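Data first, discussion second: the structure below is written as structure tokens.
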Protein chains: 2
Amino acid sequence: MLTVRLDSEEPLADQILRGIRSAIASGELPPGAELPPVRQLAVDLGVNLNTVARVYRVLQTSGLVHTARGRGTRVTNNREVPATDRNEALERMTQQAEALLADAKLAGMRRAQVERLWERACQTIWPTA
Amino acid sequence: MLTVRLDSEEPLADQILRGIRSAIASGELPPGAELPPVRQLAVDLGVNLNTVARVYRVLQTSGLVHTARGRGTRVTNNREVPATDRNEALERMTQQAEALLADAKLAGMRRAQVERLWERACQTIWPTA
DNA sequence: GTCATTGTCTCATAGTGTGATACTTTGGGG
DNA sequence: CCCCAAAGTATCACACTATGAGACAATGAC
């Protein structure tokens, strides 16, 4: 379901966070779904249990999951999106998109290739079929 | 031309690097164009000159600019794209795109909004007009 | 040769990411 | 009722990184 690279420059916690957020966004982890215990996921990924625990805490702080001692962690049912984050998120995403496209162009990719990549990513997050 | 946020969680050097890479990719900094001296850019951005110097070094290592003591830094004329980086770059971009879209969806954005944002970013990097 | 200008090097320091280990809460089975 | 297994949490340590301060070295104009 999820993998991490220890040799990546992206921190382990960030990789895990990204993976779980994607899974929640796409519906692969629907509301109410239970996440694996920190220890198990930690062993599966080959990282320290604290690393996973910190990710779970971030997810809880942002309201995506609900977690409690002794009872596990599961995806929140009804999420409220805080409107305050909107503008900030918009700017961040704009920068991210620009960086992605700059990377692509400087790596020698054609625009059409990037569009295909984008389409596939959209299918992952907003599955139509 | 370029700004940084000291309160951002993104490191200063990364912000600067991102900005310059975008400028080169879009053609705003065409081949042969001279970059500002490290000291001047450092003052303009309000960061240490080392931070800028490190960014220039990264750019030089990746072949985007040519820099020499006492003579300044300018954008490389004829770039060769190392083919070895292609696959790695592709995977990184796919992950980046997925993360961006997951962020967008979890922030409550509609797909159409994200598409508009994407279109605008494309216009920045691949200006058609 | 001298000097201003350019990038480079060295060192110090605060902060961050990760890990090892111990603790606390919860709920179920003797 | 008691205790234990299982779940998340807290504390401490340590390496590494990002940034900054200041000294150094190469270049070219005069």
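None of these values were measured; they are calculated from a predicted model. Naming: A, B, ... by sequence-line order, numbering from 1 per chain.
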Arg69(B) side chain near dT5(C) phosphate (N/O to OP1/OP2, under 4.0 Å): no
On DNA chain C, does the nearest nucleotide to Gly46(A) precede the nearest nucleotide to Arg71(A) from the 5' side, or the other way round? Give the residue. Gly46(A)
Among Leu64(B), Thr73(B), Val75(B), Thr76(B), the one residue meeting side-chain contact (heavy atoms from CB on, under 4.5 Å) with Leu59(B): Leu64(B)
Whole angstroms only, please: what is the CG-C1' distance between Asn50(A) and dT24(C)? 15 Å
Report the distance from atom CD of Gln60(B) to atom P of dT8(C), rounded to the nearest whole Å. 7 Å
Would you say Thr73(A) places a side-chain N or O within less than 4.0 Å of OP1 or OP2 belonging to dG8(D)? yes
Check whether more than 12 heavy atoms from other residues, nucleotides or ligands sit under 6.0 Å from atom CZ of Arg110(B), and answer yes or no. no
d(CG, Leu41(B); P, dT19(D)) in whole Å: 14 Å
Figure out the CG/C1' separation between Asp7(B) and dA18(D), and round it to whole Å. 16 Å
In this structure, how many angstroms lie between the P atom of dA26(D) and the CZ atom of Arg39(B), rounded? 15 Å
Rounded distance in Å - CG (Leu49(A)) to C1' (dG19(C)): 9 Å
Just compare dT19(D), dG7(C), dG19(C) and give me whichever is closest to any side-chain atom of Tyr56(B). dG7(C)
Treating Ile, Leu, Val, Met, Phe, Trp and Tyr as nodes and any side-chain heavy-atom pair under 4.5 angstrom as an edge, say whether Leu49(A) and Leu41(A) lie in one connected cluster. no
Do the side chains of Glu10(A) and Arg92(B) get close enough for a salt bridge, i.e. N-O under 4.0 angstrom? no
Atom-pair distance (CG on Leu12(B); C1' on dT16(C)), nearest Å: 15 Å
Taking dG20(D), dT8(C), dA7(D) as options, the one with an atom nearest any side-chain atom of Arg57(B) is dT8(C)
Separation of dT16(C) atom P from Glu9(A) atom CD, nearest Å, is 18 Å
May I ask you to evaluate whether Asn48(A) reaches the phosphate of dA20(C), defined as a side-chain N or O under 4.0 Å from OP1 or OP2? yes
Just by distance, with hydrogens left out, do Gln123(B) and Trp118(B) show a side-chain donor and acceptor under 3.5 Å apart? no
Arg54(B) has a side chain; which of dG8(D), dT10(C), dT11(D) sits nearest to it? dT10(C)
When you measure from the side chain of Ala53(A), which nucleotide among dG19(C), dT9(D), dT19(D) comes out closest? dT9(D)
